[in-house]
Amino acid sequence: MSFPARAVAVGGLVSFVMILFAPAPPLLAPALVSYGVVALVLVVIWRRHADRVRDGVVRPLPRGAARARRVAVATAAVLVLVGGYAGWDWQTSKLPDDYRMTEQAMTYGTGPGPVDHSAHSHGAGLPDRPLTQFTGPAGKPDKRFTLVATDARLKLSSGATVDATAFNGQIPGPELRVRQGDLVEVTLVNRTTDTPTTVHWHGLDVPNAEDGVAGLTQDAVPPGGSHVYRWRAGQVGTYWYHSHQASSTQVRRGLFGPLVIDPAPPAPAGVREFVVAAHVFDTDKGDTSTLNAADTLRRESVPPGTPVRIRLINADNFRKYFTLAGTPFKVTAVDGGPVNAPTDLYRTKLMLGGGGRYDLEFTMPSAPVRLTDLAAVGAGLLLSPDGQGELAPLTDGPEFDATRYGSPAATPFGPDSDFDRSFDLVLDNRPGFYDGQPYYLWTINGHVSPHVPMLMVREGELVKVTISNRSFLEHPMHLHGHHVLVLSRNGHRATGSPLWLDTVTLLSGESYELAFRADNPGLWMDHCHNLKHAAMGMTMHLGYEGISTPFHAGRATGNTPD
Ligand code: C2O
Ligand code: CU
């Protein structure tokens, strides 16, 4: 008895299809079906093989016309199957002209884990509460800002031009700086010619109706329109704001800016601050990496002995690597949250995922210090006592690991807590259609938005999310309205300072366990902050039972959040 070679080919083919369209997380039924298909085909091949081998004599396979006919029939069958699947995928991928982001998810979702997906907005006997009731506090604001969105042709420091859409005529938009506890009122005025837009406060856990997501928490503000956002600054640290309407295009074109919340008691005087937003702009000279729209070296003079804080924001889609040459430094905050007992880092490379932030602090030495984005080593920020001098950029070094940096401190929950709910999420990619167009899709548990089942929670619950990335690119996953505590990374418990993130970057092959308290009722985006991935399917929602949205998304509504 020998093993038919064609069995190997069948096994290989099925494995290949499984790699492209793997059921995720690994569920029993699809696995059994695919292994069942393999087993069935093997039995057929084996029996036919056995028919040909009798008494040690192998009868030849058909040749000539008979063989050609068999090959033709088999090829046609495969083409019909593949074509049929592609056609079906193409048709079903088309997005409705008008839909509720959350209803689609509930209608098409088949969720993993122990979540009751039937308990949507009318679940658990809770009264239906529209999210519009979760607004910021009334009263006289402590700080008022106006952000005017316009179309603008702007220049980078090199002179390269950007056809931008910008807040207040600048890229990035103006720095909004407030104090912890301030009641902040921001008026968005849309003076673009044809770009409906919104403002989302990235990393601020604001009330749901102030979250700025077109089609979920508000309608996009049309040209000529305006919208008022009100929220109290409960957090401290480095954040940013950006459009959440067609964000993959609008943020790219410049509709973003930094947002800094100073601590309530006056901050120690004399700290020299640099707020630096990294972003790639499309210019007349091609894609250009910038720090605050500078694509050339920027020089600043800082007297030796001055405490310096650099607030680094990655406003780009992809991860960036930064180095700071010329001084040891501390990472004093990650995603706005302070690091407990940070220690000095030397010649360390910092990876910052799209949407994330680091605060770096050091005391200015008497020689130059140079901040470099490794995507543009000739540019960057050079600090020196007289604004002159040279220092070569640091181009490599050991990589910073925030899960092992600083010292542990008390947290309200941790890896050993009893969780009320847990979710398993697998990020992946596969070829397919999105809204009738062929793409490489970015999937969550095999689904693309708006068909990704919602993560449904009840107010007050303690939630655990296990997330892994089996796709070939990194995904900076951003949950709105909450900060998640990192429990473990790649199976190792986080041992450093408690790490509270709003954007968790999973490199290819990585996995994280995260926890959060469901303490901010509403309907919240949870998506990849590579905004092109978000627009191509990698978007889901966190929903609180009993809460609904009156807003619709889709072509006919003018609302497209990603
Ligand atoms: Cu910074 Cu949903 O976005
Ligand atoms: Cu992604």
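One-based numbering, in listed order, for ligands and for the atoms of each. All figures in this text were calculated on a predicted structure; none of them were measured in a lab.
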A.B. asks: ND1 (His475) to the Cu ion (ligand 2) to SG (Cys528): angle, nearest 10 degrees?
C.D. replies: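 Answer comes to 130°, rounded to 10°.
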A.B. asks: Kindly say whether the aromatic ring centers of Tyr241 and Phe167 come within a distance under 6.0 Å.
C.D. replies: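 Yes; Phe167 has its ring centre under 6.0 Å from that of Tyr241.
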A.B. asks: Please confirm whether Phe322 and Tyr358 have ring centers closer than 6.0 angstrom.
C.D. replies: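 Centroid distance Phe322-Tyr358: not below 6.0 Å, so no.
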A.B. asks: Do you know which N/O/S atom name in His533 is closest to the Cu ion (ligand 2)?
C.D. replies: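 Nearest N/O/S atom: ND1.
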A.B. asks: Is the ring centre of Trp500 less than 6.0 Å from the ring centre of Phe413?
C.D. replies: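 Yes - the distance between ring centres of Trp500 and Phe413 falls below the 6.0 Å cut-off.
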A.B. asks: So, is His202 placed with an N/O/S atom under 2.8 Å from atom 1 (Cu) of ligand 1, counting both backbone and side chain?
C.D. replies: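 Under 2.8 Å: His202 contacts atom 1 (Cu) of ligand 1 through an N, O or S atom.
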A.B. asks: N/O/S atom of His529 under 2.8 Å from atom 1 (Cu) of ligand 1, yes or no?
C.D. replies: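 Of the N, O and S atoms in His529, at least one lies under 2.8 Å from atom 1 (Cu) of ligand 1, which means yes.
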A.B. asks: Identify the residue among His244, His475, His200 that makes a ring pair (Phe, Tyr, Trp, His ring centres under 6.0 Å) with His527.
C.D. replies: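 Going through the options one by one, the only one that passes is His244.
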A.B. asks: For the atoms NE2 of His480 and NE2 of His527, give the angle they form at atom 2 (Cu) of ligand 1, rounded to 10 degrees.
C.D. replies: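 The two atoms subtend 110° at atom 2 (Cu) of ligand 1.
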A.B. asks: With a 6.0 Å cut-off on the ring centroids, do His202 and His529 count as close?
C.D. replies: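 Judged by ring-centre distance (under 6.0 Å), His202 and His529 do meet the cut-off.
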A.B. asks: Can you tell me if, anywhere in His244, an N/O/S atom lies at a distance from atom 1 (Cu) of ligand 1 that is smaller than 2.8 Å?
C.D. replies: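 So His244 does not count as coordinating atom 1 (Cu) of ligand 1.
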A.B. asks: Closer than 2.8 Å to atom 2 (Cu) of ligand 1: does that hold for any N, O or S atom in His200?
C.D. replies: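 Looking at His200, which is the residue asked about, there is no N, O or S atom under 2.8 Å from atom 2 (Cu) of ligand 1.
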A.B. asks: Ring centres under 6.0 Å, that's the criterion: do Trp201 and Tyr229 meet it?
C.D. replies: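 Yes, they do, as the ring centres are separated by less than 6.0 Å.
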A.B. asks: Looking at the Cu ion (ligand 2), is there an N, O or S atom belonging to His529 that lies under 2.8 Å away from it?
C.D. replies: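 False for His529.
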